[in-house]
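Both ligands and their constituent atoms are indexed starting at 1 by order of listing. As the structure is a prediction and not an experimental result, all values here were calculated from the model. Worth knowing before you read on, the calculation uses all heavy atoms, side chains too, and leaves out hydrogens, waters and symmetry mates.
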Amino acid sequence: MSSTSSVVLNTGVSMPLVGFGTYKLCGSEEVYIAVDAALQAGYRAFDTAAVYGNEAELGRALRDLLPKHGLTREDIFITSKLGPKDQGEGAMEAALHSVSELGMDYIDLYLIHWPGTQGVAVGNPCNQGNRAGSWAALEELHAQGKLRAIGVSNYTPAHMKTLLQSCRTPPALLQTEFHPRLCQTELRRACEEQGVCFQAYSSLGKGELVKHPVVMEVAKGCERTPAQVLLRWAVQQGVPVLPKSSNPTRIRENTALFDFSLDAGAVERLTALDDGHNYCRDPSEVA
Ligand code: NAP
């Protein structure tokens with residue numbers, strides 16, 4: 001990857017623009033093979049979560065494979081997330097459990113995974129109190145250095161506004177669904193104005209968007225693959241991405257984004273696909 005391939009968070013720390021998504025990677029062998037291929041391809045950031053159930057496997061694979069690739073813990077950037085069942089009172093213990101599952105001394109970036117709490121109805125205002133409780137716990141662990149940066153995921157503009165008005169430590173990052181069919185213009189602008197890094201997940205529409213006829217046509221026009229076009233569309237706008245693959249060829253393909261660019265016409269055609277479509281859950285109804 002080139003030197004233009006990172007962003008600086010509001011903590012002053014650099015984060016790679018292309019990170020490796022790990023949702024649905026499971027079992028020691030699958031995780032190990034994917035992490036080996038990802039390190040070989042140049043990925044230095046890894047995205048996991050308590051609910052993915054693979055923190056321990058990811059940590060083991062990284063500890064074992066870093067020396068093989070001539071790397072140390074300081075060379076990589078690990079993100080994990082607080083599960084919705086641990087929102088509120090359970091947040092501190094859950095975050096420390098993630099640190100321990102990964103077998104690391106600290107996590108580079110720790111996010112509240114979802115604005116709601118498991119078992120609490122989406123419209124119930126208790127969700128707001130639990131989010132505040134979780135954030136206070138994350139702030140404390142950030143001050144202790146266990147979580148080097150803290151942020152949120154799947155927050156809407158309204159959730160962001162409340163957090164930004166009440167926090168002591170502002171979020172470093174918002175991770176959310178973002179691709180040509182879901183451009184999230186208002187949310188992106190709010191993040192830009194507040195110095196919060198806006199990071200995309202499901203850039204490939206969970207593998208569905210690579211089959212879209214417009215994406216395929218743009219890819220043909222620039223002699224790249226549909227996945228590269230979708231990922232380039234985001235990184236060209238300065239938005240970090242987290243492609244997931246269990247296939248070493250695709251893992252490599254998804255990092256080869258910095259030796260071409262999309263022209264204005266291609267960007268416009270892709271952005272015109274925005275119809276507000278979520279491939280993942282829509283968080284807009286969580287109170
Ligand atoms: P994604 O990256 O949009 O798509 C992954 C799917 O695309 C997999 O089925 C993969 O299959 C396929 N794929 C990967 N590379 C490809 C290529 N070059 N050509 C064709 N198909 C390709 O979906 P995602 O896993 O939902 O999102 C990525 C990451 O973001 C997750 O792994 C996770 O780390 C994070 N995420 C976070 C949240 C959140 O709530 N914060 C939600 C969703 C995702 P193969 O594995 O067979 O290659």
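Note: S202 OG to L182 CG = 10.0 Å, rounded to the nearest 0.5 Å. Note that the CG atom of L39 and the CG atom of L66 stand 6.0 Å from one another [nearest 0.5 Å]. Between the OG atom of S153 and the CD atom of E177 there is a distance of 10.5 Å, given to the nearest 0.5 Å. Rounded to the nearest 0.5 Å, atoms CZ (R224) and CG (L262) are 10.0 Å apart.
No hydrogens or angles considered: a donor-acceptor pair under 3.5 Å links the side chains of T225 and E253. Side-chain contact annotation: D282 with S284, donor-acceptor N/O pair under 3.5 Å present.
Checked against a 3.5 angstrom limit, the closest N/O atoms of V210 and ligand 1 fall outside it. In terms of polar-atom proximity, defined here as any N/O pair under 3.5 Å, S202 does make such a contact with ligand 1. Looking at K81 next to ligand 1, no N or O pair under 3.5 Å apart turns up.
With ligand atoms numbered from 1 in the order given, ligand 1 contributes 17 (C), 18 (N) to contacts under 4.0 Å with heavy atoms of E253. Taking every non-hydrogen atom of D47 and a distance limit under 4.0 Å, the qualifying atoms of ligand 1 come out as 33 (C), 34 (O), 35 (C). Atoms of ligand 1 found under 4.0 Å from any heavy atom of S245 (numbered from 1 in listed order, with element): 14 (C), 15 (N), 45 (P), 46 (O), 48 (O). Using a 4.0 Å cut-off to heavy atoms of G205, the atoms of ligand 1 that qualify are 3 (O). Against a heavy-atom cut-off of under 4.0 Å, G207 is close to the following atoms of ligand 1: 4 (O), 6 (C), 7 (O). If you number the atoms of ligand 1 from 1 as listed, the ones under 4.0 Å from a heavy atom of T22 come out as 32 (O), 34 (O). Shown in contact with H113 at under 4.0 Å from a heavy atom are these atoms of ligand 1, numbered in order with element: 39 (C), 40 (O), 41 (N).
Taking the six-membered ring for Trp, Y52 and H113 have ring centres closer than 6.0 Å. Ring centroid separation for the pair F198 and F178 comes in under the 6.0 Å cut-off.
The nearest protein atom to atom 5 (C) of ligand 1, hydrogens excluded, is given as K244 O, 3.5 Å; this is a heavy-atom distance. Here the protein heavy atom with the shortest distance to atom 44 (C) of ligand 1 is Y201 CD1, 3.5 Å. Looking only at heavy atoms of the protein, atom 23 (O) of ligand 1 is closest to K206 CA, 3.6 Å. Scanning all protein heavy atoms for the shortest distance to atom 40 (O) of ligand 1 gives N154 ND2, 2.8 Å. Among protein heavy atoms, atom 45 (P) of ligand 1 sits closest to R250 NH1, 3.2 Å. Shortest contact from atom 15 (N) of ligand 1 to any protein heavy atom: N254 ND2, 3.0 Å. Among protein heavy atoms, atom 32 (O) of ligand 1 sits closest to Y23 N, 2.9 Å. The single protein non-hydrogen atom nearest to atom 28 (C) of ligand 1 is L242 O, 3.0 Å, given as residue, atom name and distance.
The closest donor-acceptor contact from the side chain of Q199 to the backbone of L173 lies at 3.5 Å or more, if one exists at all. Counting only distance, with no hydrogens or angles, the side chain of R232 and the backbone of F260 share a donor-acceptor pair below 3.5 Å. At least one donor-acceptor pair closer than 3.5 Å links the side chain of K81 to the backbone N or O of T48.
Residue-ligand proximity: H179 is placed with every non-hydrogen atom at 4.0 Å or more from ligand 1. Ligand 1 is never approached by T225 to a heavy-atom distance shorter than 4.0 Å. The shell of residues lying under 4.0 angstrom from ligand 1, judged by heavy atoms, includes Y52.
Contacts between S153 and ligand 1, counted as non-hydrogen atom pairs separated by less than 4.0 Å, involve the side chain only. Only the side chain of A227 comes within 4.0 Å of ligand 1, judged by heavy-atom distances. Counting heavy atoms under 4.0 Å from ligand 1, residue Y279 does not touch it at all. Neither the backbone nor the side chain of A49 has a heavy atom within less than 4.0 Å of ligand 1.
R269 forms no cation-pi arrangement with W233, by the criterion of a distance under 6.0 Å to the ring centre and an angle within 45° of the ring axis.
At a threshold of 4.0 Å, the pair D108-R73 counts as salt-bridged, since one of the basic side-chain nitrogens sits closer than that to a carboxylate oxygen.
The shortest non-hydrogen separation linking Y110 to A95 is OH-CA, 3.3 Å.
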Run the side chain to side chain contact (heavy atoms under 4.5 Å, CB included) test on Y279 and L209 for me, step by step, so that the C-alpha distance in whole Å, both residues' side-chain angles and the decisive distance to 0.1 Å come before the verdict.
CA-CA 9 Å; Y279 289 94; L209 206 42; 3.4 Å; yes
